[in-house]
Amino acid sequence: MKHEPTCLEVFLTRLAFRLYGKSVYKTFADCLPLDGGERVLDFGCGMGTVAYYVAKKLSRGHLICLDISERWLNACRKTLHSYGNITFLQREYPMLTSESLDVVYCHFVLHDISQGELERIIPALARSLKAGGVLVFREPLNNTDKISIIKSLMKQNRLCHKDSRITDIPIMGNALESVYIKE
Ligand SMILES: C[S@@+](CC[C@H](N)C(=O)[O-])C[C@H]1O[C@@H](n2cnc3c(N)ncnc32)[C@H](O)[C@@H]1O
């Protein structure tokens, strides 16, 4: 499986971020339940499109940006160079400390991951949340089988569904946004 993007992909994503940053990524960051002091994980952070808006909100908190790709993580370091409250991790989800996080979010990440890997990742994300912590995802609606797998793994890992809605996102189309609370 390919993990590293081409230079063209990084360039086009930066361009999309400049053009659609507010309408695509900020709208998602604004939905997260943040007060400023939380410990937050951006799982599959890419170049930091959402993290750029989340980091601004965490004046007393901490953000972990995690990605499997070294090139995306380097691009993310560049996007977030002016913030001091960020840790960058390359594929270390099994090492996330248990019950240490208030919020985990995944933006256009889970739909592209195999079922086998989701069966390892979702339990690790659930474990990393404190009781009462929140997991939020936004994923495209075109792969309904994958969405069903994600929903059932959430349930198996004691993540209770709180809310969902379908939104039409500029250039990306219909996406499902869901919020889960750890029991
Ligand atoms: C479509 S991009 C989305 C990036 C970012 N969340 C955004 O919305 O702009 C998917 C990202 O997930 C990362 N990713 C894919 N599989 C992963 C895994 N198993 N663990 C961590 N990151 C992964 C990719 O490297 C890529 O950066």
Side-chain angles (χ1 to χ4, degrees), residues 1-32 34 40-58 63-80 83 86-96 101 103-129 134-143 146-147 149-150 153-154 157 167-179:
M1 189 181 160
K2 171 180 104 56
H3 291 312
E4 295 301 337
T6 62
C7 292
L8 182 63
E9 279 176 87
V10 176
F11 171 79
L12 291 177
T13 305
R14 276 210 186 282
L15 188 63
F17 180 53
R18 279 183 182 232
L19 295 175
Y20 299 102
K22 286 202 171 135
S23 57
V24 176
Y25 306 105
K26 185 173 182 297
T27 53
F28 182 72
D30 286 346
C31 290
L32 298 172
L34 298 176
V40 180
L41 170 67
D42 182 332
F43 183 79
C45 58
M47 59 155 276
T49 46
V50 177
Y52 176 78
Y53 296 103
V54 170
K56 285 178 198 279
K57 295 173 183 279
L58 295 177
L63 176 62
I64 301 170
C65 289
L66 185 155
D67 203 286
I68 199 170
S69 150
E70 191 175 357
R71 184 171 274 174
W72 278 129
L73 214 50
N74 284 337
C76 186
R77 282 194 184 91
K78 217 164 146 184
T79 307
L80 301 178
Y83 296 96
I86 301 177
T87 304
F88 298 91
L89 291 181
Q90 193 182 355
R91 200 189 194 175
E92 291 176 23
Y93 57 83
M95 309 301 288
L96 290 169
L101 301 172
V103 177
V104 171
Y105 65 88
C106 310
H107 189 266
F108 279 81
V109 179
L110 301 175
H111 69 283
D112 227 7
I113 295 180
S114 68
Q115 177 170 354
E117 208 171 344
L118 286 175
E119 285 170 0
R120 291 189 292 276
I121 289 172
I122 293 180
L125 298 181
R127 262 194 314 278
S128 71
L129 278 170
V134 179
L135 186 149
V136 185
F137 69 74
R138 182 195 256 178
E139 299 292 337
L141 261 180
N142 50 14
N143 186 343
K146 194 55 79 64
I147 295 278
I149 291 167
I150 293 167
L153 284 169
M154 295 288 172
N157 287 282
T167 46
D168 186 12
I169 303 174
I171 64 165
M172 292 176 168
N174 278 345
L176 175 68
E177 288 176 11
S178 293
V179 181

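Positions are given from 1 along the sequence. As the structure lists them, so they are numbered: ligands from 1, and atoms in each ligand from 1.
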task: Mark the output for Asp112 as yes if a heavy-atom distance to ligand 1 is under 4.0 Å, and as no if none is.
output: no

task: Could you tell me whether Arg77 sits above the aromatic face of Phe88, with NZ or CZ closer than 6.0 angstrom to the six-membered ring centre and within 45 degrees of the axis?
output: yes

- request: Please work out whether any backbone atom (N, CA, C, O) or any side-chain heavy atom from C-beta onward of Cys45 is under 4.0 Å from ligand 1, and answer side chain, backbone, both or neither.
  value: backbone

- prompt: Without hydrogens or angle criteria, can the side chains of Tyr53 and Asp30 be said to hold a donor-acceptor pair below 3.5 Å?
  reply: no

Intermediate values then yes/no, salt bridge (charged side-chain N to carboxylate O under 4.0 Å, His left out), Arg71 and Glu4: CA-CA 6 Å; Arg71 184 171 274 174; Glu4 295 301 337; 5.3 Å; no

query: Would one find an N or O of Asp42, backbone or side chain, under 3.5 Å from an N or O of ligand 1?
result: no

query: Would you call Leu125 and Ile121 a side-chain contact if the rule is heavy atoms closer than 4.5 Å?
result: yes

- prompt: Given that the side chain starts at C-beta and the backbone is N, CA, C, O, which of these parts of Met47 lies under 4.0 Å from ligand 1, counting heavy atoms, or is it both or neither?
  reply: neither

- prompt: Does an N or O anywhere in Ile68 fall below 3.5 Å from an N or O of ligand 1?
  reply: yes

task: Pick one of side chain, backbone, both or neither for how Thr49 approaches ligand 1, counting any non-hydrogen atom pair under 4.0 Å.
output: side chain

message: Among Phe28, Phe43, Phe17, which one puts a heavy atom closest to atom 20 (N) of ligand 1?
response: Phe43

- prompt: Side chain, backbone, both or neither: which part of Val50 has a heavy atom under 4.0 Å from ligand 1?
  reply: neither

Close approach of Ile121 to ligand 1, heavy atoms, under 4.0 angstrom: yes

